[in-house]
Amino acid sequence: MNYDFRKIEAKWQEYWAKHETFKASNDSDKPKFYALSMFPYPSGAGLHVGHPLGYIATDIYSRYKRHKGFNVLHPMGYDSFGLPAEQYAIQTGQHPAITTENNIKRYREQLDQLGFSFDWSREVRTSNPQYYKWTQWIFIQLFNSWYNKKTDKAEDVVDLVSLFEKEGNTNIEAACDDDTPIFTADEWASFSEKTKQELLLKYRLTYLADTEVNWCPALGTVLANDEIVNGVSERGGHPVIRKKMTQWSMRITAYAQRLLDGLDKIDWPQPLKDSQTNWIGRSEGASVRFRVMSEKLRVNESENSELRTQNPSLEIEVFTTRPDTIFGASFMTLAPEHDLVPKITTAAQKAEVEAYVEATAKRSERDRMADVKTISGVFTGAYAEHPFTKEPIPIWIGDYVLASYGTGAVMAVPCGDQRDYDFAKHYNIPIPNIFEGVDISEEAFADKANTVIANSDFLNGLSYKEAVKKVIAALERIGHGKGKVNYRLRDAVFSRQRYWGEPFPVYYVDGMPQMIDAQHLPLELPEVEKYLPTETGEPPLGNATHWAWDLEQCTVVSNQLIDNKKVFPLELNTMPGWAGSSQYFNRYMDPRNDEAIFSKEAIDYWQDVDLYIGGSEHATGHLLYSRFWQKFMFDRGYVPKDEYAQKLINQGMITGTSAFIKLATPQILEDEGDGSSKAALFYKSFIISDQDTHTEDAEVKRLFIKRIADEYRPLDELHKINRLLGAPAIGEKTLRSLLKISKEGLIKYLEERIEISRSYFRIDVDHVSNSDDLILSEFLNDTKFKEFKEFKPIYFDKTIKVHREVEKMSKSKYNVVNPDAICEEYGADSLRLYEMFLGPLEQSKPWNTAGITGVHSFLKKLWKLYSPLEGGEGGVEPTAENLKTLHKTIKKVEEDIENFSFNTSVSTFMICVNELTAQKCTSKAILEPLAILVSPYAPHIAEELWERLGHTESIAEAPFPKFEEKYLVESSKEYPISFNGKLRFKLEIPLDMGKEAIEAAVMAHEKTQEQLQGRTPKKVIVVPGKIVNIVG
RNA sequence: GCCUUGGUGGCGGAAUUGGUAGACGCGCUGGAUUCAAAAUCCAGUGACUUCGGUCGUGUGGGUUCGAUUCCCACCCAAGGUACCA
């Protein structure tokens, strides 16, 4: 009986579905285990072999935990809102919901054929209204919350209002906007309703604010940094500028410290923690205020007259980590987009400053950060007053200062900071030295540990630490600053000018946002004619004709009914990609609940995710935002844990191995008359080869000329000769000259002028055999490469080897490998094993389908090992050898799974089966536990073998075999005997022999004497059970 | 630029605490079987070699009886860098 994997896999997939084998119960006596893979975005291209990598790992662990007696929750769903579906909709007019549905169907088929133990009854889709109802609900909870720094948690805004009524906001310590004015209880009572709303918005955890975005006027939309290439949009190449826009933001900065502290409690990879730590970017220092000296008239910009205050003078606030160097400040630099720039710039500098600001608006933030070589800036003409010396300090603007970091302004201390130093040098700004005994003629001195301050008045002679302490005290005394902890983390922008995302449950009354009552959710995405922004530049939802909120009917109505009394306009932005993924792990616990995001019973039982596997590219997006939402949910009492995933593993990327063939193309170098020489390439004119020799070049040339000669006809028309040569790039001058000459002349001309140019040509990996040979017939029949139809290849060997290069898997690189064909040819079990066998889970590694034959033949050997047992036969007693093989396998596999080292267990299985086959093992006592060991990795074959062993129940919950040390005890070991660290021979020595006895035995050995040749060793190192090293 | 990860045969990779470098698999070579092919099985396979050995884990140093493993400096590649998911 052969290993018929197609039949076996179909059979068990059907069995599992029918028996709901993997359905998790919310009510069980067993200990719980929640294993989660990051859910995919269902793209149109379907799954490629990189996607299942993490899923297989999670599946192996889940199945293992079932064998270990756990009640396992292992769900799957789809992150189904996203840009690609919208992009496709823009191009084709197809509704994103339809393409998304189709894509999900395809994903589901592909996932099903891989034999995952998912509990599909819990599937979620972020674009499903029943799901995003709860995304909207969380948004409302955030809107109705503020962050109380005294209790260090989020609280209800209702409580904040009662505090305002009682005592105003003077005593409140809250995470709020920087420009929040101070008011008393009486003032609060006197404010209009709108002012109250406006003030509360400054405290809410989600709020409206002006944020900088990459605006592309031509496309009428905001672009992600990676949609911008060289300062223009990737699509269409239109200019992009930085622009301020009113958008929803999430006050994640309130949680900065807790997000940082929480990292200590969770078992996540250190690099991932590092990137979150850096992202949050905590730094200690001081905020210092500098008064602007050039007085000009200015007004507070707030439109609301109640909030307009009279500022006595303009001040620039900076954050610095080195307040100790304040006496070394010789200029200040503002980000070009800093609010004060237009206010302080003098008339004389105005033109230059404006030009610079405009130029900077065209540069991306990443570009500005990465480019440290170009120094640029402009003097504003204004001066600030040094808080201590009262000396004037010139104020510059420079694009090395980013508006989004700190206050968007720095006090520049050139002697202590290299970028300030470079800037000062470049613009001839003085570089006062305030360090004792340090030479700053070449570069800045930034070594805090060895700092001794000089030329700094009351700070002279102090170390960094002492000076910081003293200067902060002094700044506080004169009212010019204070000690401050600054975070690089910014509040997260939560609005997107897109169609295919969650609508905000928000309508506007008198310009102020109002929440729709939660009982009326979900607020469903409206239909639109076009998925593009409107002509007036509003987001796509601006195209909807029914997008207004009727407050009385509590329903969406036609825009024409808007009267701003009972019917109000709805929000036109949608939520970002990370909205739907920030609590999905909790929703899986109770996904069909329509009354609550999840029941209390469900969250109390499942608590949190025990194992979360996904890509590290989510480190500072999804994985940070979801921690933020979890902490918020915790504060408001909805979840019992403030970190949702105890352990997280990043699976590496599977890269593609692109294939190339080498082309040898004849070309003519011609002089175009203007001194430049131009290559005329004969593109269609053949040659695929894998050699690179001169003799080959000569052969290519000879054959090419022969073909031209054979096909030569007297010609008088340009296009004819063009067709003959198949040369789209041939130059006109060459053509003209060729026209005039005879066949003999043409041949002579070609012989003199032709040179062979070599290049790589990218081909589809589908046309490459397992041994890296080009399958020529398939390649020539591929319509993608139809220009090669007329190719007449020359080869010098029987086969053409392709050149391989490792690159990211992508459609455009023709290197995408889908799991479907592999499942068809080798089966899901082979694919699962092979994906694990490729290498460590966390590392990125290239895919090469060729190697799969190894694991496939392993499965065939495994199958063969069990065939004598067909019919429940085979109660043979196991031999000591059998038991040793089995138990060493149990030990290794168990350790491997616990350490997520799945690649090494596959090797272990291979060794085990090779050994048992050699031992001709037919013992049920060995083969039964082996089937269980294999089952997490290759579940279909394991189920089938289990059944053949006479079991009627699924293998899924069979207890994991128990390792017993006694079968592995050895009495002796083959010691490596090395001389000066180099292995010379091996010697069998009993393991119970002591150090001295071993040394004596080794020294007495004839080979030792042979090596020493009479010398006396200086030293003999004996490590019992390990090694012997003789030195001398 | 900054942060992070990685670099071992022709290829993917293994090597538990510093202790036999290259397990296991692919590929390749030779053989068996076959009319032939596929499949299967057996043997070999880091490089060089005067067949004694010598060299060898990105490069250059260091620590050690002993370094893929620890330390320092450098080179290269990949991922992230705030609206791709």
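Computed from a prediction, not measured in an experiment: that's the story for all the values here. Lettering follows sequence order; numbering is per chain, from 1.
For A:L623 and B:A85, the CG to P distance is 15 Å, given to the nearest whole Å. Here the P atom of nucleotide B:C42 and the NZ atom of A:K861 are 8 Å apart, to the nearest Å. Protein atom CE of A:M653 is 10 Å distant from nucleotide atom P of B:A78, rounded to whole Å. Nucleotide B:C24 holds its P atom 18 Å from the OH atom of A:Y937, rounded to whole Å. The distance from atom CZ of A:F909 to atom C1' of B:G25 is 15 Å, rounded to the nearest whole Å. Atom-to-atom, CG of A:N848 to C1' of B:C11 comes out at 7 Å; the value is rounded to the nearest Å. For the pair A:L859 CG and B:A39 C1', the interatomic distance rounds to 16 Å; values are reported in whole Å. One interatomic measurement links the two molecules: CZ of A:F858 to P of B:U40, which rounds to 15 Å at whole-angstrom precision.
For the side-chain contact (heavy atoms from CB on, under 4.5 Å) criterion with A:L838, the lone passing option out of A:L833, A:I654, A:N903, A:V855 is A:I654.
Among the nucleotides B:G19, B:G13, B:A14, the one closest to the side chain of A:K845 is B:G13. Nearest nucleotide to the side chain of A:Y41, out of B:A85, B:U81, B:G79: B:A85. Across B:U81, B:U40, B:U20, the shortest atom-to-atom separation from the side chain of A:I1027 is found for B:U20. Among the nucleotides B:C24, B:G12, B:U20, the one closest to any side-chain atom of A:L838 is B:G12. Checked against B:G13, B:A85, B:G27, the side chain of A:T853 finds its nearest nucleotide in B:G27. When distances run from any side-chain atom of A:K860 to the nucleotides B:G12, B:A23, B:U40, the shortest one goes to B:U40.
For B:U34 and B:A23, the P atoms lie 33 Å apart once the distance is rounded to whole Å. Comparing the C1' positions of B:U63 and B:A14 gives a spacing of 27 Å, expressed to the nearest Å. Comparing the same atom, P, in B:G44 and in B:G25 gives a spacing of 13 Å after rounding to whole Å. B:A21 sits 14 Å from B:G66 when the P atoms are compared, rounded to a whole Å. Atom C1' of B:G58 sits at a distance of 7 Å from the matching atom of B:C76, rounded to the whole Å. Going from the P atom of B:G6 to that of B:C55 covers 30 Å, rounded to whole Å. The gap from the P atom of B:C2 to that of B:C74 amounts to 11 Å, rounded to the nearest Å. With P as the reference atom, B:A47 and B:G10 are 7 Å apart, rounded to whole Å.
A:V1020 comes within contact range of no nucleotide atom at all, as no heavy-atom separation falls under 4.0 Å. Heavy atoms of A:I977 sit nowhere under 4.0 angstrom from any nucleic acid atom. Among the protein residues, A:G82 comes within range of the sugar-phosphate backbone only, with heavy atoms under 4.0 Å from sugar or phosphate atoms but none that close to a base. Across all strands shown, A:W578 has no heavy atoms under 4.0 Å from either base or sugar-phosphate atoms. Across all strands, A:T655 comes closer than 4.0 Å to no nucleic acid atom at all (heavy-atom distances). Nucleic acid contact class of A:N903 (heavy atoms, under 4.0 Å, all strands): sugar-phosphate only. At a threshold of 4.0 angstrom between heavy atoms, the contacts of A:Q247 include nucleobase atoms, whether or not backbone atoms are also involved. Residue contacts for A:P840: at a heavy-atom cut-off of 4.0 Å it reaches the sugar-phosphate backbone alone, with no base atom in range. As judged by a 4.0 angstrom heavy-atom cut-off over every strand, A:K891 is placed among residues making no nucleic acid contact.
In this structure, OH on A:Y834 lies 5.5 Å from CG on A:N848, to the nearest 0.5 angstrom. Atom CD of A:E842 sits about 8.0 Å away from atom CG of A:N650, to the nearest 0.5 Å. Rounding to the nearest 0.5 Å gives a distance of 10.0 Å between CG of A:L259 and OG1 of A:T253. With rounding to the nearest 0.5 angstrom, the OH atom of A:Y499 is 13.0 Å from the CG atom of A:L572.
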request  = Classify every nucleotide of nucleotides 3-9 of chain B by which part a protein heavy atom approaches to under 4.0 Å, writing B for the base, S for the sugar-phosphate alone and - for neither, in 5'-to-3' order.
outcome  = SSS----
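Between the side chains of A:W248 and A:E571, at least one donor N or O sits under 3.5 Å from an acceptor N or O.
Counting all heavy atoms, side chain and backbone alike, A:I252 lies closest to A:R490 at CG2-O, 3.4 Å. The minimum heavy-atom distance linking A:F902 with A:A57 is given by the pair CE1-CB, 3.7 Å. When all heavy atoms of A:L541 and A:N573 are compared, the closest pair comes out as CD1-O, 4.1 Å. Nearest approach of A:N278 to A:R488, heavy atoms of both residues: O-NE, 3.2 Å.
Formation of a donor-acceptor pair under 3.5 Å by the A:D210 side chain with backbone atoms of A:K244 is not found in this model. When atom types are taken as modelled, the side chain of A:Q497 and the backbone of A:V222 share no donor-acceptor pair closer than 3.5 angstrom. With hydrogens and angles ignored, the 3.5 Å screen pairs a side-chain donor or acceptor of A:Q276 with a backbone N or O of A:A619. In this structure, the side chain of A:T574 engages the main chain of A:R498 through a donor-acceptor pair within 3.5 Å. Between the side chain of A:Y132 and the backbone N or O of A:P503 there is no donor-acceptor pair closer than 3.5 Å.
Remark: A:Q651 pairs with no residue by the side-chain hydrogen bond (donor to acceptor under 3.5 Å, both in side chains) rule, at least two apart or across chains. When the side-chain hydrogen bond (donor to acceptor under 3.5 Å, both in side chains) test is applied to A:E502, no partner is found at least two apart in sequence or on another chain.
The phosphate of B:A39 has neither OP1 nor OP2 within less than 4.0 Å of any side-chain N or O from A:N2.
Consecutive Watson-Crick or G-U pairs involving RNA chain B, each under 3.5 Å on both distances, make up stems of three or more pairs at B:1-7 with B:75-81, B:10-12 with B:24-26, B:27-32 with B:40-45, B:46-48 with B:53-55, B:58-62 with B:70-74.
Syn is the glycosidic conformation of B:G52, whose angle stays within 90° of 0. The glycosidic torsion of B:G9 lies within 90° of 0, placing the base in the syn range.
Between A:D79 and A:E974, it is A:E974 whose nearest contact on RNA chain B lies nearer the 5' terminus. Along RNA chain B, the nucleotide nearest to A:I852 and the one nearest to A:L983 differ in position, and the one closer to the 5' end is contacted by A:L983.
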Distances under 3.5 Å only, N/O to N/O: pair up the protein atoms with those of nucleotides 62-65 of chain B.
from: B:C65; atom 1: O2'; to: A:N1029; atom 2: ND2; distance (Å): 3.3
from: B:C65; atom 1: O2; to: A:N1029; atom 2: ND2; distance (Å): 2.6

All N/O pairs under 3.5 Å across the protein-nucleotides 47-53 of chain B interface:
none

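A salt bridge is defined here as a Lys NZ or Arg NE, NH1 or NH2 lying under 4.0 Å from an Asp or Glu carboxylate O, and A:R496 with A:E86 fails to meet this definition.
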